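A short worksheet on the structure shown next.
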Amino acid sequence: MKIYNTLTNAKEDFKPRQPGKVFIYVCGPTTYNYIHLGNARSFVFFDTVRRYFCYRGYEVKYVQNFTDMDDKIINRAREEKEDPLLLTEKYVQAYFYDTQALNVQKADIHPKVSQHIPEIVDLIKVLIEKKHAYLTDQGVYFDIATFADYGKLSGRSLDLMQAGARVEVDVRKKNPLDFALWKAAKPGEPFWESPWGLGRPGWHIECTAMALKYLGTGFDLHGGGNDLIFPHHENEIAQAEAATGQPFARYWLHNGYLTVNQEKMSKSLGNYFLVREILKKFSPETVRLFLLSIHYRSPQDFSEENLNNAARGLERLKTSIILLQEALVRPGWGDVSRSSSLEFQDIGGREAAFLATISKLESDFIAAMDDDFNTALALSKLFDLAREVNIYLTQKPETENQNLPQLTTIEIQNKQFAQVALVKAKELFGSFNGVLGIFKTNAQGDIILERSFQERDALVEPLINLIIQLRQEAKVKKDWVSADKIRNNLKELGIVLEDTKDGVRWKLRENNRPIV
RNA sequence: GGCGGCAUAGCCAAGUGGUAAGGCAACGGUCUGCAAAACCGUUAUUCCCCGGUUCGAAUCCGGGUGCCGCCUCCA
């Protein structure tokens with residue numbers, strides 16, 4: 001496996017800290033708002049990274065934090081006149097709602113800043129003891145001059161940064177780039193007790209403290225969006241390595257921005273689209289397919305047209321999966337008792353060729369993901385698989401629609417071959433999807449293609465109106481049999497039609513509604 | 001000013017030395033009562049421009065143009 005490491009600006013062979021295990025820390029959201037699609041890009045990508053390590057047989061420990069205390073939260077809470085921690089809890093829940101729609105698996109641990117104050121305080125104590133931090137009346141600051149490697153992640157030297165820095169001058173700081181570890185509380189602000197008075201942690205210290213607590217020094221992967229390279233991740237490294245004297249994380253991954261009209265999607269520009277808004281119009285499968293259709297380090301432009309493209313591509317994949325699922329239970333293809341005893345080398349011409357082709361796709365898929373998580377290329381293998389399956393199914397089996405007792409031994413064997421081929425294809429769909437996470441799956445790992453409830457709800461109204469219209473036409477022709485049949489069958493589905501003087505009214509029997 | 005990224009068909013996009021993946025759209029065909037889906041075929045002699053290295057470059061080197069980002073909160 002090769003991974004592009006921001007620390008070295010090069011693709012490197014991945015070597016885990018411990019054989020067979022991967023320890024990952026990904027920067028999560030600051031919970032003062034709903035996540036937008038740019039945030040989702042990062043979360044979906046790192047979820048895919050995690051899934052791929054699992055697919056490759058690694059035991060993964062995945063930690064993603066919530067920054068649930070900082071200036072933005074305090075400001076937002078003031079605006080909404082709400083307690084900061086309650087506000088934060090609301091957006092934590094919203095985060096889970098939005099990301100689960102996108103099939104992002106929960107991290108093993110989701111630590112929150114507010115619940116790790118003791119760890120943070122201890123870490124700051126160490127930094128002060130080691131003379132890497134100093135006190136002012138504003139709080140505690142990290143002294144970057146004491147950390148020789150400062151700038152190694154973002155690739156800048158201190159001199160150049162100082163020349164270009166537009167930082168508001170704080171004369172109490174030794175260096176303009178020194179950053180807060182502990183901020184003294186102003187009146188009315190939330191606070192915790194510390195040896196340096198009442199206050200709260202600075203922005204960067206929490207990730208360092210929580211990563212060290214759950215993953216230790218020198219863990220494998222640390223990730224986040226490009227915009228976190230400087231200063232956030234640079235400062236995390238400084239804090240951790242100054243305190244422990246050990247390398248902090250070994251591979252740093254950063255995803256590119258999501259843009260709108262080629263400009264970065266960001267809250268300050270106001271050009272952001274919330275995940276929950278987009279999901280009103282596009283399915284989560286479409287959104288995830290869209291996000292993975294480009295290499296993670298490249299910028300990706302958000303537009304309705306691009307989402308539409310993805311939606312159409314998704315249709316193609318769905319069709320193929322449906323065709324395969326149908327074939328698996330159709331006479332002639334898949335209705336023979338499970339024939340797992342067959343060895344591949346026993347299998348005849350057409351099936352053997354098909355199996356060879358899709359096996360190649362599997363190795364291509366792995367090669368693509370091994371090369372710095374090339375999801376765009378991996379995705380093309382999923383499309384290739386769909387086409388191969390479609391081609392295979394286009395050609396009818398000789399024995400289709402014949403009953404088993406009438407078949408010769410050869411014919412039965414052909415059916416079994418076909419089934420082995422189809423089962424293998426289905427498994428491959430499943431394992432590609434297990435990595436890319438586009439489709440939801442059941443406990444057995446089979447792909448579920450049910451429409452989302454939003455989609456269904458949006459369809460109910462026009463669909464029922466259409467049926468009512470057809471029934472009205474039947475009534476006009478005095479075709480009472482058809483009209484009554486429509487009404488009775490709808491009733492069985494929990495949809496009640498009532499003919500009134502002013503037209504047709506319909507109701508949904510409450511207990512027939514699907515339970516989410 | 002410093003640092004970094006990007007530029008491939010109508011659109012999205014993979015591809016870092018060996019002769020342009022995949023998706024969408026479009027057109028023609030097969031299938032179909034008609035559609036849809038599916039399948040087959042066509043659609044970049046060419047990869048922003050100029051110059052160079054090489055038997056050979058979208059891929060390497062030099063120069064130029066355009067767009068974007070970071071250096072301040074941001075995934």
Side-chain angles (χ1 to χ4, degrees), chain A residues 6 9 11 26-30 32-33 35-46 64 67 70-73 75 95 151 154-168 176-177 179 203 223-234 253-269 272 275 289-303 305-320 322-323 361 364 368 371 374-395:
Chain A
T6 307
N9 278 317
K11 274 188 205 174
V26 175
C27 285
T30 300
Y32 71 105
N33 202 346
I35 61 169
H36 65 235
L37 196 62
N39 303 321
R41 183 180 190 196
S42 188
F43 302 141
V44 165
F45 168 66
F46 285 105
Q64 185 184 65
T67 298
D70 83 342
D71 293 356
K72 290 190 295 289
I73 290 171
N75 292 337
Y95 166 86
S154 50
R156 31 194 117 199
S157 73
L158 282 181
D159 301 341
L160 293 173
M161 275 193 291
Q162 287 173 42
R166 287 178 288 155
V167 183
E168 130 188 24
L177 288 170
F179 53 91
W203 173 32
N226 245 324
D227 43 5
L228 295 182
I229 296 174
F230 189 88
H232 186 56
H233 287 166
E234 194 72 70
L253 280 75
H254 295 94
N255 61 280
Y257 298 121
L258 194 79
T259 60
V260 181
N261 296 324
Q262 318 301 327
E263 285 185 324
K264 180 185 174 188
M265 181 182 285
S266 75
K267 288 173 184 165
S268 50
L269 284 171
Y272 60 91
V275 168
L289 178 66
F290 166 73
L291 291 174
L292 294 178
S293 66
I294 290 188
H295 186 86
Y296 75 93
R297 283 191 283 118
S298 300
Q300 176 173 30
D301 203 50
F302 167 83
S303 72
E305 185 189 0
N306 290 348
L307 259 312
N308 270 323
N309 279 357
R312 300 303 305 271
L314 183 79
E315 282 302 321
R316 182 174 172 74
L317 296 176
K318 279 164 88 169
T319 301
S320 185
I322 289 167
L323 291 174
L361 291 178
D364 287 351
D371 185 12
N374 192 335
T375 56
L377 190 56
L379 213 39
S380 78
K381 302 308 167 189
L382 185 58
F383 279 101
D384 285 341
L385 175 63
R387 184 172 7 86
E388 293 302 333
V389 166
N390 293 345
I391 291 171
Y392 180 69
L393 293 177
T394 299
Q395 301 159 16

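What you are looking at is a predicted structure, and each value in this text was computed from that prediction instead of being measured. In what follows, every chain begins at residue 1, and chains take the letters A, B, ... in the order their sequences are listed.
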Notebook entry, point to check: What is the pairing partner of B:rA14, taking Watson-Crick or G-U wobble pairs with both distances under 3.5 Å in any strand?
Noted result: none

Item checked: Distance, rounded to the nearest Å, where A:His233 contributes NE2 and B:rU72 contributes P -> 17 Å

Item checked: Pairwise C1' distance, B:rG4 and B:rC12 [rounded to whole Å] -> 24 Å

Next item on the list: Ignoring the backbone of A:Asp227, work out which of B:rA75, B:rG22, B:rC68 is nearest its side chain.
Entry: B:rA75

Under-3.5 Å N/O pairs linking protein and nucleotides 9-12 of chain B:
| residue | atom | partner | partner atom | Å |
| --- | --- | --- | --- | --- |
| B:rC11 | O2' | A:Glu305 | OE2 | 3.4 |

Check: Base, sugar-phosphate, or nothing for A:Tyr257, non-hydrogen atoms under 4.0 angstrom?
Finding: base

Margin query: Under 4.0 Å, heavy atoms only, any strand: does A:Asp384 hit a base, just the sugar-phosphate, or nothing?
Written below: sugar-phosphate

Next item on the list: Calculate the interatomic distance between A:Asn226 atom CG and B:rC73 atom P; express it in whole Å.
Entry: 16 Å

Notebook entry, point to check: Cation-pi between A:Arg156 and A:Phe230: NZ/CZ under 6.0 Å from ring centre and within 45° of the ring axis?
Noted result: yes

Check: Looking for any heavy atom pair under 4.0 Å, which part of the strands does A:Lys264 touch: base, sugar-phosphate only, or nothing?
Finding: base

Next item on the list: Could you tell me whether A:Gly223 contacts a base, only the sugar-phosphate backbone, or nothing, with contacts defined as non-hydrogen atoms closer than 4.0 Å?
Entry: nothing

Item checked: A:His295 NE2 to B:rA7 P, straight-line distance once rounded to whole Å -> 12 Å

Next item on the list: From the options B:rA75, B:rA21, B:rG2, select the nucleotide whose nearest atom is closest to the side chain of A:Arg156.
Entry: B:rG2

Next item on the list: For B:rC11 versus B:rU16, give the span between their C1' atoms, rounded off to a whole number of Å.
Entry: 25 Å

Notebook entry, point to check: Between A:Glu388 (CD) and B:rA21 (C1'), how many Å, whole number?
Noted result: 14 Å

Check: Atom CG of A:Leu258 to atom P of B:rG69: distance rounded to whole Å?
Finding: 13 Å

Next item on the list: Under a 3.5 Å limit for both distances, which nucleotide forms a Watson-Crick or G-U wobble pair with B:rG28, could you say?
Entry: B:rC40

Item checked: Any A:Asn374 side-chain N or O less than 4.0 Å from OP1/OP2 of B:rG15 -> yes

Next item on the list: For atom CG of A:Asn261, decide whether the heavy atoms of other residues, nucleotides or ligands shown that lie under 6.0 angstrom number more than 12.
Entry: no

Checklist line | Verdict with supporting geometry, A:Thr6 and A:Leu253, side chain to side chain contact (heavy atoms under 4.5 Å, CB included) | finding: CA-CA 6 Å; A:Thr6 307; A:Leu253 280 75; 5.9 Å; no

Item checked: Contacts of A:His254 that satisfy ring-ring contact (aromatic ring centres under 6.0 Å, His included) - sequence neighbours left out -> A:His233

Note to self: In whole Å, measure the gap between the C1' atoms of B:rG56 and B:rC48 for me.
What the structure shows: 23 Å

Notebook entry, point to check: Closer to the 5' end of RNA chain B via nearest nucleotide, is it A:Leu379 or A:Ser266?
Noted result: A:Leu379

Margin query: What is the distance, to the nearest angstrom, from the NZ atom on A:Lys381 to the P atom on B:rA21?
Written below: 11 Å

Check: When the distance from CE of A:Met265 to P of B:rC73 is rounded to whole Å, what number comes out?
Finding: 22 Å

Item checked: Pairwise C1' distance, B:rU72 and B:rU19 [rounded to whole Å] -> 48 Å

Notebook entry, point to check: Does B:rA9 pair with anything, Watson-Crick or G-U wobble, both distances under 3.5 Å, and if so, with which nucleotide?
Noted result: none

Next item on the list: With sequence neighbours excluded, tell me which residues meet side chain to side chain contact (heavy atoms under 4.5 Å, CB included) with A:Ser293.
Entry: A:Gln300, A:Leu379

Notebook entry, point to check: Under 6.0 Å from the six-membered ring centre of A:Tyr272 and within 45° of its axis: does the NZ or CZ of A:Lys264 meet both?
Noted result: no

Next item on the list: For residues A:Phe43 and A:Pro29, determine if any side-chain heavy atom of one lies less than 4.5 Å from a side-chain heavy atom of the other.
Entry: yes

Item checked: Any residue meeting side chain to side chain contact (heavy atoms under 4.5 Å, CB included) with A:Asn75, in chain and number order, not counting sequence neighbours -> A:Arg78

Margin query: Is the shortest side-chain heavy-atom distance between A:Phe383 and A:Leu317 below 4.5 Å?
Written below: yes

Tabulate protein N/O versus nucleotide N/O from nucleotides 32-38 of chain B, keeping only pairs under 3.5 Å, one per line.
| residue | atom | partner | partner atom | Å |
| --- | --- | --- | --- | --- |
| B:rA38 | O3' | A:Asn390 | ND2 | 3.1 |
| B:rA38 | O2' | A:Thr394 | OG1 | 3.4 |

Checklist line | Residues which pass ring-ring contact (aromatic ring centres under 6.0 Å, His included) with A:Phe46, listed by chain and number, not counting sequence neighbours | finding: none

Margin query: Going by purine N1 to pyrimidine N3 plus the second Watson-Crick contact, or the G-U wobble pair, all under 3.5 Å, which nucleotide sits opposite B:rU46?
Written below: none

Item checked: Separation between the C1' atoms of B:rA20 and B:rU59, rounded to whole Å -> 11 Å

Item checked: Identified pairing partner of B:rG33, criterion: Watson-Crick or G-U wobble below 3.5 Å -> none

Checklist line | Counter-base of B:rG56, judged by Watson-Crick or G-U geometry with both distances under 3.5 Å | finding: none

Notebook entry, point to check: Going through the distances and angles, do A:Val389 and A:Leu323 end up as a side chain to side chain contact (heavy atoms under 4.5 Å, CB included)?
Noted result: CA-CA 9 Å; A:Val389 166; A:Leu323 291 174; 5.7 Å; no

Margin query: Please name the nucleotide paired to B:rG1 by Watson-Crick or G-U wobble geometry with both distances under 3.5 Å, or report none.
Written below: B:rC71

Next item on the list: Applying side chain to side chain contact (heavy atoms under 4.5 Å, CB included) between A:His295 and each of A:Thr375, A:Asn374, A:Asn255, report the one that passes.
Entry: A:Asn374

Checklist line | P-based separation of B:rC27 from B:rU32 [nearest Å] | finding: 22 Å

Note to self: Taking B:rA9 as the reference, what is the distance to B:rA21 when you measure between their P atoms (whole Å, please)?
What the structure shows: 14 Å

Next item on the list: Please work out if A:Ile229 contacts a base, only the sugar-phosphate, or nothing of the nucleic acid, heavy-atom cut-off 4.0 Å.
Entry: nothing

Margin query: Let me spell it out: for each of A:Gly313 and A:Gly28, pick the nucleotide of RNA chain B with the closest heavy atom. Which residue's pick is nearer the 5' end?
Written below: A:Gly313

Item checked: Span that lies between the C1' atom of B:rG63 and that of B:rA25, in whole angstrom -> 38 Å

Next item on the list: Give A:His254 one of three labels, base, sugar-phosphate or nothing, depending on what nucleic acid heavy atoms sit under 4.0 Å from its own.
Entry: nothing

Next item on the list: Nearest whole angstrom, please: distance from the P of B:rG22 to the CG of A:Leu361.
Entry: 11 Å

